[in-house]
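Keep in mind it's a predicted model, so treat the numbers as computed, not measured. By convention here, the first residue in the shown sequence is residue 1.
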Amino acid sequence: MINVLATNITSPLGFTTEQNYQAVLSGSSALKRYEGLWGSAEPFAASLFSEEQKATLTIEGYTFFEALAIRSIREALTHTHLDLASERIVLILSTTKGNIEALGEERYYPSKAAQRIAEAIGLTTKPIVVCNACVSGLSAQLLANHLLSANVYDYAIVVGAEVQSKFIVSGFQSLKAVSEEPCRPFDIERNGLNPGEAAATIVFARNADGERWCLMDGATCNDAYHNVSPSPQGEGLTNAINAVLAGQDKSRLATVCVHGTATLYNDQMESKAIERADLSDIPLSALKGYYGHTMGAAGVLETILTMRATDDGIILPSKGFTEPGVSGKVNISSEPKKTDKRAFLKLMSGFGGCNVAAMYERTTGNGPQTAGKTKLVKAHTIKLSSEDGQTLTDIYKQQIGDYPKFYKMDLLTRLAFVATEKVLSNFPLKGEDKKPALIFFNHSSSIVADRQFFDTIRDAENYFPSPSVFVYTLPNITTGEVAIRHHLCGETSFYILPDKDEALMQQILEASLTGTDTPTAISGWVDAESETCYECELTLYNIINI
């Protein structure tokens, strides 16, 4: 476990954790209906900063996304005494689209934004960007847990941030996933999500004195079902919950803070997973009726609010909920409840089939104990490059040829797909090995798909956002496609780094796999900037815990 030193939430409801907590406690919501914003053809409800708030948060020389993250981190750090120049501190940035409005400029790259944020607050170590769709904020916290527990760092600053834009809203509208009215999680009348803006920060420590909130354990499982629609029975989320709660007394939980996007399929799936994990009697808390879906910030923001409410002995009500509209048995209410318990479960699910569960408890602990060491044995490595002279389509036709969905994929996903096919053709997975970890890294995120989608919304007269292209603007769809192809239900994660730092990649991989029962992992660099500029090096590892 790792300890929480300090937190911050910066949102349209307030610029501190306490301001946000009091706003939610009073029943306030930042959701408003917008018509014609960014040239949108359809109205939508969203939680957006006002122009006055933006003026207050803006920092000269930085994009608004960067300034938002910097402001949140700086406020959190005022409650600590960290030596920010230390090589034992790491910044982990969670976001789905970062500076997407800067597409075409150098500052577009998420890794560049992370570097600028890190330098602004005085850090000297390389930042890590977690880009794992909607679960990114919780995935970032689990990465902090891995790295600190493995003694790679002593402190981790985890910041989740998202700024909404025409790019994001039009994409979700193309999927018919956006509601024109404030969202209603788990309700029979729910009809879609609301986009939201926010930044939220948790500062974690390996060792901290006194009673504090601790991240006790977490798990990531893919459902290998579909890149957009979750498994109807919630297999991936059920597996993640069961992995976290194995051997735990579930009656210790005050609440389950659910993902609760208010989309038809997500809430239904989540209800089934909760029922299957025997959590039907635990009160649920769904918070997107206050903030909308803040995407890369959601997992951090909602965790912080649940900690603060539990400190007060309160289970926050699920705003917008009136009548159950899911078939799984769940305990959800629009009224606050009292609790004397000191632990909770946080759940997140997202595109690419990823599901994450994490357990938190307020306790006195001595910090994490490294759970042994992991030895990674290379079994096979595949390298692909645009300099090889063969196109990915040629390789597919000559060596694979039995998966027509290949032609619908973007360049980045084709690259990862072909490379993993070549790896597994030499070392096919056995039945007991169906839980390999898929952990990919790159520098340029999903820039090729981003350009392609931007072209569908660039011209107002030819405006036709493509849902099939939008899906691939999330780089973790690469791991999702591989998981679906081979029915892999282990961890799937995607990280963005400033450069191809093999030492850092190895640290992340080893820390992530230490103490797990994962027998194998496929990991490495998968980067594509254009049809004539791509590079991939993936390795199949056998994992030995020593």
Side-chain angles (χ1 to χ4, degrees), residues 7-34 43-50 52-53 72 137 160 162 164 178-200 254-263 266-267 270-271 282-295 297-326 330-341 344-347:
T7 69
N8 168 263
I9 298 172
T10 300
S11 82
L13 289 181
F15 294 171
T16 68
T17 295
E18 192 62 22
Q19 288 174 1
N20 277 269
Y21 172 61
Q22 294 299 331
V24 170
L25 203 59
S26 70
S28 298
S29 172
L31 293 172
K32 296 179 181 179
R33 179 184 170 95
Y34 294 89
F44 61 92
S47 169
L48 307 177
F49 288 102
S50 68
E52 293 77 13
Q53 289 174 322
S72 178
E162 211 72 63
Q164 295 299 325
V178 179
S179 174
E180 298 181 10
E181 305 300 332
C183 63
R184 307 181 64 173
F186 287 77
D187 192 81
I188 195 169
E189 297 293 339
R190 71 187 188 281
N191 64 353
L193 61 79
N194 302 142
E197 296 182 325
T255 184
V256 177
C257 182
V258 292
H259 189 36
T261 60
T263 54
N266 176 85
D267 289 8
E270 206 167 5
S271 78
I282 307 296
L284 304 190
S285 184
L287 301 177
K288 290 183 173 63
Y290 303 96
Y291 294 94
H293 193 344
T294 55
M295 300 175 188
V300 186
L301 183 156
E302 294 169 9
T303 297
I304 295 171
L305 275 181
T306 308
M307 288 177 185
R308 180 63 187 84
T310 307
D311 278 340
D312 263 5
I314 294 174
I315 298 168
L316 293 171
S318 300
K319 192 173 184 65
F321 173 80
T322 303
E323 181 182 352
V326 293
V330 294
N331 180 3
I332 187 167
S333 173
S334 59
E335 299 296 326
K337 296 182 178 181
K338 294 288 186 179
T339 183
D340 59 0
K341 298 174 182 178
F344 67 89
L345 192 68
K346 180 71 187 102
L347 307 180

To the nearest 0.5 Å, atom CD1 of I282 lies from atom NZ of K341 at 5.5 Å

Any side-chain heavy atom of E189 sitting closer than 4.5 Å to one from T322? no

All heavy atoms of S26 vs all of A23, minimum pair found to be OG-O, 2.7 Å

*asked:* Run L347 and E270 through side-chain contact (heavy atoms from CB on, under 4.5 Å) and show every step you take.
replied: CA-CA 9 Å; L347 307 180; E270 206 167 5; 3.8 Å; yes

Between the side chain of S285 and the main-chain N/O of C257, is any donor-acceptor distance below 3.5 Å?
-> no

Are any non-hydrogen side-chain atoms of F344 and P283 less than 4.5 angstrom apart?
-> no

Quiz item: Can you tell me if N331 uses its side chain to pair, donor with acceptor, with the backbone of L284 under 3.5 Å?
Solution: no

Nearest heavy-atom approach of S334 to F321 is CB-O, 3.2 Å

Note: G160 and V300 closest approach over all heavy atoms is N-CG2, 4.1 Å

*Between Y290 and L305, does a side-chain contact (heavy atoms from CB on, under 4.5 Å) hold up when you go through it step by step?*
CA-CA 11 Å; Y290 303 96; L305 275 181; over 6 Å; no

Residues A286 and S318: closest non-hydrogen pair is N-OG, 3.0 Å

Discussion item. Using the rule given for side-chain contact (heavy atoms from CB on, under 4.5 Å), can you reason through I314 versus T339, listing the C-alpha separation, both sets of side-chain angles and the distance that settles it, and then say yes or no?
Written reply: CA-CA 6 Å; I314 294 174; T339 183; over 6 Å; no

Rounded to the nearest 0.5 angstrom, the CD1-CD distance for I315 and E335 is 13.0 Å

Check: Would the number of heavy atoms belonging to other residues, nucleotides or ligands and lying under 6.0 Å from NZ of K32 be above 12?
Finding: no

Only one of I304, T303, T310 passes side-chain contact (heavy atoms from CB on, under 4.5 Å) with T306, and that residue is T310

Quiz question: by atom type and distance under 3.5 Å, do the side chains of T17 and T7 form a donor-acceptor pair? yes

> Does some side-chain heavy atom of E162 sit less than 4.5 Å from a side-chain heavy atom of H293?
Replying inline: no

- Below 4.5 Å, heavy atoms only, C-beta onward: do N20 and Y291 meet side chain to side chain? yes

Between F15 and Q53, is any pair of side-chain heavy atoms under 4.5 Å apart? yes

Residues G192 and C183: closest non-hydrogen pair is O-CB, 3.5 Å

Per side-chain contact (heavy atoms from CB on, under 4.5 Å), S179 is matched among N191, L31, T263 by N191

*asked:* Any non-hydrogen side-chain atom of S72 less than 4.5 Å from a side-chain atom of N8?
replied: yes

Check: Within the side chain of K319, is there an N or O that forms a donor-acceptor pair under 3.5 Å with the backbone of G27?
Finding: yes

- Within a strict 4.5 Å, meaning less than it, do heavy atoms of the L193 and V178 side chains meet? yes

* **K288 side chain to N194 backbone, donor-acceptor under 3.5 Å** => no

Is a side-chain N or O of D187 found less than 3.5 angstrom from the main chain of E323, in a donor-acceptor match?
yes

query: What do the steps show when you test L25 against L316 for side-chain contact (heavy atoms from CB on, under 4.5 Å), and what is the final call?
result: CA-CA 7 Å; L25 203 59; L316 293 171; 4.1 Å; yes

_Would the distance check show the side chain of R184 and the main-chain N or O of G320 forming a donor-acceptor pair, the cut-off being under 3.5 Å?_
yes

Q.
When you compare the side chain of T294 with that of S47, does any pair of heavy atoms fall below 4.5 Å?
A. no

ask   = Counting N and O atoms only, with roles assigned by atom type, does the side chain of E197 sit under 3.5 Å from a partner on the main chain of Q164, one being a donor and the other an acceptor?
value = yes

Between F186 and V258 the two heavy atoms that sit nearest each other are CE1-CG2, 3.7 Å

